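This one's a predicted model, so the numbers in the text were calculated from it and none came from an experiment.
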Amino acid sequence: MQISEQREQLAELVQAGVQERIFPGAAWAMGTLDDSMAGAAGRLTPAPASAAMQVETLFDIASLTKIVSVWALTGRLVTQKRLRLDDRLADVLPGTQGHALAPITIFQLLTHTAGLPLRARLRASYGEVYDDIVRGVLREPLEGTPGQAVEYTDRAALILGLVIERLLDMPLDQALAEHVLRPLGMAATGYGPVTPRPGQLVAPTEYCEQAGAHLAGVVHDFSTRLLGGVCGIAGLFSNVPDLQRFLRAMLVPQAGRHGEVFDADWVRASLTVQTGSLNPARGLFWHPAAGTGPEDDVWCHQGFTGTAMWLSPRRGRYAVLLTNKLYYTRDSARVNALRGDFMRCAFGL
């Protein structure tokens, strides 16, 4: 497929998402280390007078926070030998000693094989005081047998965020800014709440009964809001250009180029199946894109707000799709189908 044809097809897919009311608007990109294409479609809201979506629009990236923040910082600690994948939580997080989480390893958290409760459910379980919530999470019984099943859970990133804060001796948002965002030049990315600068657009998400309006610049995830807006689960706002910087930095060491921010061994391990015969297959927080297998070498992470990013070291290619589908609905069936079509077009599958 010619590059011009591929660009046209990607743009048409995203525009179709607007027309079919899957999301009010979206921004996207596809590229390699040396070249890229990007675009935007739709508006911030369905209102005809609403501002047109831009490539630089900030989005609540939801679970992509787990990659940009937790995965990246965990990799730094592992690379520096300050953390090992076989470390038990009891050894790195004293609050777990004597409780069910004590023998859980960093590897099990990264592969979603720890047997943790599947949802955060923080307020319903522990109240609304930060210290009580953290204490409750670290003392919670397991729901499964560690190492026996792959079950995606927000708690894995939440707990790893607490490990990062303890080992780096600073809050997660500060650690992220110092060790990831500034080195990569990701100036637009950060934890909310976001106060837009003049000319800066922030895509709104779902309607909040308490606020009486759609959330814009405030994280949609209630558990994250309960924890003050900064945690491993969600909370980051970012845009397409910044996520391109992040994904290109992951490709740099794989291509044997200098200027690495991410360690080549860490990236390689993360984009390799680590869960053996268990299904669904997982790397380290990354997983094969839906509808593909490890042999296709297209790795993915998605967010509940309608966001996604993909990476293929073998092809030396990445793709990003940011949407605010949550403005319309929490149901993800239609946006999942569109994300699948976008991925197949971007990677020629």
Asker: Please state whether the rings of Phe262 and Phe246 are parallel, tilted or perpendicular, taking 30° and 60° as the class boundaries.
Answerer: perpendicular
Asker: Tell me, please, which residues at least two apart from Trp299 pass ring-ring contact (aromatic ring centres under 6.0 Å, His included).
Answerer: none
Asker: Not counting sequence neighbours, which residues clear side-chain contact (heavy atoms from CB on, under 4.5 Å) with Ala100? List them please.
Answerer: Leu142
Asker: Would you tabulate the side-chain donor-acceptor contacts of residues 161-184 under 3.5 Å, counting partners in other chains and residues two or more places apart, or write 'none'?
Answerer:
from: Glu165; atom 1: OE2; to: Leu172; atom 2: N; distance (Å): 2.8
from: Arg166; atom 1: NH1; to: Val92; atom 2: O; distance (Å): 3.1
from: His179; atom 1: ND1; to: Arg76; atom 2: NE; distance (Å): 3.1
from: His179; atom 1: ND1; to: Arg76; atom 2: NH2; distance (Å): 3.2

Asker: Quick check against the 3.5 Å criterion: does Asp154 have a side-chain atom that pairs as donor or acceptor with the backbone of Ile233?
Answerer: no
Asker: Scan for side-chain hydrogen bond (donor to acceptor under 3.5 Å, both in side chains) pairs involving residues 231-249, sequence neighbours excluded, and state none if there are none.
Answerer: Thr189-Ser238, Thr189-Asp242, Asp242-Arg245, Gln244-Tyr318, Arg248-Tyr318
Asker: Test of understanding: with side-chain contact (heavy atoms from CB on, under 4.5 Å), list the residues that count as partners of Pro193, not counting sequence neighbours.
Answerer: Val218
Asker: Do the side chain of Arg7 and the main chain of Met37 share a donor and acceptor less than 3.5 angstrom apart?
Answerer: no
Asker: Can you name the residues that form a ring-ring contact (aromatic ring centres under 6.0 Å, His included) with His287, not counting sequence neighbours?
Answerer: none
Asker: Output all residues satisfying side chain to side chain donor-acceptor pair (under 3.5 Å) with Asn324, sequence neighbours left out; order by chain, then residue number.
Answerer: none
Asker: Given 3.5 Å as the limit, does a donor-acceptor pair link the side chain of Gln9 with the main chain of Gln6, or not?
Answerer: no
Asker: So which pairs with a foot in residues 339-349 pass side-chain hydrogen bond (donor to acceptor under 3.5 Å, both in side chains), sequence neighbours left out?
Answerer: Asn336-Arg339, Asp341-Arg344
Asker: Any side-chain donor paired with an acceptor under 3.5 Å for Ser312 and Asp297?
Answerer: yes
Asker: Please enumerate all residues that pass ring-ring contact (aromatic ring centres under 6.0 Å, His included) together with His214, with sequence neighbours excluded.
Answerer: Tyr207, Tyr327
Asker: List for me each residue that meets ring-ring contact (aromatic ring centres under 6.0 Å, His included) alongside Tyr130, sequence neighbours excluded, and say none if there are none.
Answerer: none
Asker: Have a look at Ile159 and tell me which of Val134, Val70, Leu101, Thr153 forms a side-chain contact (heavy atoms from CB on, under 4.5 Å) with it.
Answerer: Leu101
Asker: Could you please spell out the steps behind the side chain to side chain contact (heavy atoms under 4.5 Å, CB included) verdict for Thr65 and Ile61?
Answerer: CA-CA 7 Å; Thr65 299; Ile61 64 171; 4.0 Å; yes
Asker: Who pairs with Ala52 by side-chain contact (heavy atoms from CB on, under 4.5 Å), at least two apart in sequence or on another chain?
Answerer: Arg43
Asker: Which residues pass the side-chain contact (heavy atoms from CB on, under 4.5 Å) test with Ala26, not counting sequence neighbours?
Answerer: Val14, Phe23, Leu321, Thr323
